[in-house]
Chemist: 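If you scroll down you'll find the structure; I have some questions about it.
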Amino acid sequence: MARRSVSIIDIARAAGVASSTVSRALRDSPLISADVRTQIQRLAQEMGYTPNGIAQSLQTRRTNTVGLVVPSIADPFFGDVMRGVEEVARPAGLSIFLSAGHNDARQEAEAIETFHRRRVDGILVASSRLSDGTIQLLERVRVPIVLVNSNAEARHELLHAVAVDDHHGARLAVEHLLALGHRAIGYLGAGNRPGANARRLAGYRATLAAAGVPPHDAWVAIAPVEDALSVDDVAAGQALLHPLLVAGVTAVFCFNDMVATGVLIACRELGLAVPRDMSVVGYDDIDFARYVTPALTTVRQPKLELGRLGMQMLLELLSDRPAQSQVLLPELVERASTAEISGPRP
């Protein structure tokens, strides 16, 4: 037979006071003397009392929960973002509901709708693939919203954002390869994340143009959009490298570290030595970027900081305090997958 949980009435009987007195004492109400509050709180702890979250939410109109939507739970990038969110949410007494949108606007919208029905206090959306429909839905959801790692315009007072400057990150990657003597620099992108992909591609092209390197469409390959729901970034990197090799590239800037890992695998299968025959740069600096062979040169995104700032911004909004959207700067991390071009420069 299941053991009945301890109630406020049980504590009131044991303490010989009214239930309302116990309720106020447990809420640290100044209407109850400090000595009585301490006595009742100690008794509640000894009796194993657990507050009723549903009852509390009816009184406070808060559930102390936050919804977090991520594109994928398989991508280590978003694991770090969530860790940053939890580092701020947990001390604030908030629990996180997690849902994956799988880079699909419909599933993303369903997750947001579900969170709203569950009466979460606020929602964090960690996605660079925000459709117009999703943005419109977020504008209709009457709880504070923070977009994490998205540069979508916040067109409503309840939409705020913390993001990383993708254009700047791409510039760091391409300038690094240019400094090593490479001119035929390729870009491998992800069509299922059009926002971030467009910004990184624009940064890549602008940096080449500023260096006087004419653009070549054959140097660019993007994973097809129709594979958005089942895309494997590592497999995409493996599959997309070949046409760039035919085009004569000596270095590749990749949309993320997973794509770059696929390029490393493809090079090994083709008998190409990295970085002697091909220099490779990733993006994100996920943990295993330093453990692949060779260790990956990459653009480090402040993943934990994204999560922390996004959650801190949400806390400000939940407390009716003003919050400003922020754009963070990434940094280049040089490792062993890039080197000066060997042989004559193109």
Side-chain angles (χ1 to χ4, degrees), residues 65-90 92 94-105 107-109 111-112 114-116 120-131 134-135 137-139 141 143-169 190 192-200 255-257 283-286 299-318 321-331:
T65 58
V66 169
L68 172 60
V69 184
V70 299
S72 170
I73 58 174
D75 189 334
F77 175 89
F78 294 104
D80 285 342
V81 171
M82 182 175 178
R83 186 151 55 94
V85 169
E86 287 186 319
E87 285 181 5
V88 175
R90 190 174 291 116
L94 298 176
S95 299
I96 305 297
F97 289 156
L98 177 66
S99 184
H102 302 290
N103 293 306
D104 176 70
Q107 293 189 45
E108 197 171 68
I112 294 166
T114 298
F115 286 151
H116 189 44
V120 296
D121 297 330
I123 298 175
L124 294 155
V125 182
S127 174
S128 62
R129 182 187 170 87
L130 286 176
S131 67
T134 300
I135 291 291
L137 171 61
L138 290 173
E139 291 174 345
V141 172
V143 298
I145 307 288
V146 174
L147 308 179
V148 179
N149 201 38
S150 170
N151 285 319
E153 292 185 4
R155 297 172 295 179
H156 190 283
E157 61 179 4
L158 292 182
L159 290 184
H160 296 75
V162 54
V164 176
D165 190 334
D166 282 318
H167 194 283
H168 179 73
N192 67 322
R193 279 145 289 181
N197 184 75
R199 293 186 292 271
R200 294 173 198 179
F255 175 80
N256 62 20
D257 294 339
Y283 203 103
D284 287 344
D285 194 30
I286 57 179
V299 176
R300 174 181 292 156
Q301 295 209 70
K303 302 175 289 298
L304 287 172
E305 193 66 9
L306 274 171
R308 292 183 188 125
L309 283 176
M311 188 62 236
Q312 187 59 52
M313 190 179 299
L314 194 56
L315 287 179
E316 298 291 331
L317 296 171
L318 290 172
R321 293 192 292 264
Q324 295 295 323
S325 294
Q326 299 186 52
V327 178
L328 309 179
L329 291 178
E331 60 180 316

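Only heavy atoms go into these numbers, but all of them, side chains included; no hydrogens, no water, no symmetry mates. The structure presented is a predicted model; accordingly, all values stated were derived computationally and were not measured.
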Chemist: Give, for atom CE of Met82 and atom CG of Leu68, the distance between the pair rounded to the nearest 0.5 Å.
Modeler: 6.0 Å
Chemist: Is it true that a side-chain atom of Asn149 and a backbone atom of Ala126 form a donor plus acceptor pair closer than 3.5 Å?
Modeler: no
Chemist: Please round to the nearest 0.5 Å and tell me the distance separating atom CG of Asp121 and atom CG of Leu94.
Modeler: 6.5 Å
Chemist: For the side chain to side chain contact (heavy atoms under 4.5 Å, CB included) test, which of Val164, Asp165, Asp166 pairs with His168?
Modeler: Asp165
Chemist: Could you tell me the separation between the CD atom of Glu87 and the CG atom of Leu304, rounded to the nearest 0.5 Å?
Modeler: 5.5 Å
Chemist: Judged by atom type as modelled, is there a donor-acceptor pair below 3.5 Å linking the side chain of Lys303 to the main-chain atoms of Asp285?
Modeler: yes
Chemist: Measuring only between side-chain heavy atoms, which start at C-beta, is Leu124 closer than 4.5 Å to Leu314?
Modeler: yes
Chemist: Would the distance check show the side chain of Arg200 and the main-chain N or O of Phe255 forming a donor-acceptor pair, the cut-off being under 3.5 Å?
Modeler: yes
Chemist: For residues Ala100 and Pro71, report the shortest heavy-atom separation together with the two atoms involved.
Modeler: CB-O, 4.3 Å
Chemist: Mind listing the closest non-hydrogen atom pair of Gly310 and Val148 along with its distance?
Modeler: CA-CG2, 4.3 Å
Chemist: Applying side chain to side chain contact (heavy atoms under 4.5 Å, CB included), run through Phe77 and Asn256 and close with a yes or a no.
Modeler: CA-CA 10 Å; Phe77 175 89; Asn256 62 20; over 6 Å; no
Chemist: If you measure from the Lys or Arg side-chain nitrogens to the Asp or Glu carboxylate oxygens, is any gap between Arg308 and Glu305 under 4.0 Å?
Modeler: yes
Chemist: Would the number of heavy atoms belonging to other residues, nucleotides or ligands and lying under 6.0 Å from CD1 of Ile73 be above 12?
Modeler: no
Chemist: Can you name the closest pair of heavy atoms from Gly169 and Tyr283 and give their distance?
Modeler: CA-OH, 3.6 Å
Chemist: Measure the CG-CZ distance between Asn197 and Arg199 for me, rounded to the nearest 0.5 Å.
Modeler: 9.5 Å
Chemist: So, for Ala323 and His160, which heavy atoms are closest and what is the spacing to 0.1 Å?
Modeler: O-CD2, 3.2 Å
Chemist: Could you tell me the separation between the CG atom of Leu147 and the CD1 atom of Ile123, rounded to the nearest 0.5 Å?
Modeler: 10.5 Å
Chemist: Got Val143 and Phe115 here, is their nearest side-chain heavy-atom distance under 4.5 Å?
Modeler: no
Chemist: Of all heavy-atom pairs between Asp257 and Ile286, which one has the smallest distance, and what is that distance?
Modeler: OD2-N, 2.9 Å
Chemist: Where do Val69 and Ala111 come nearest, in terms of heavy atoms and distance?
Modeler: CG2-CB, 4.2 Å
Chemist: How long is the straight-line distance from CD of Glu316 back to CD of Gln324, given to the nearest 0.5 Å?
Modeler: 11.0 Å
Chemist: Could you walk me through whether Ile96 and Val85 pass the side chain to side chain contact (heavy atoms under 4.5 Å, CB included) check?
Modeler: CA-CA 9 Å; Ile96 305 297; Val85 169; 3.8 Å; yes
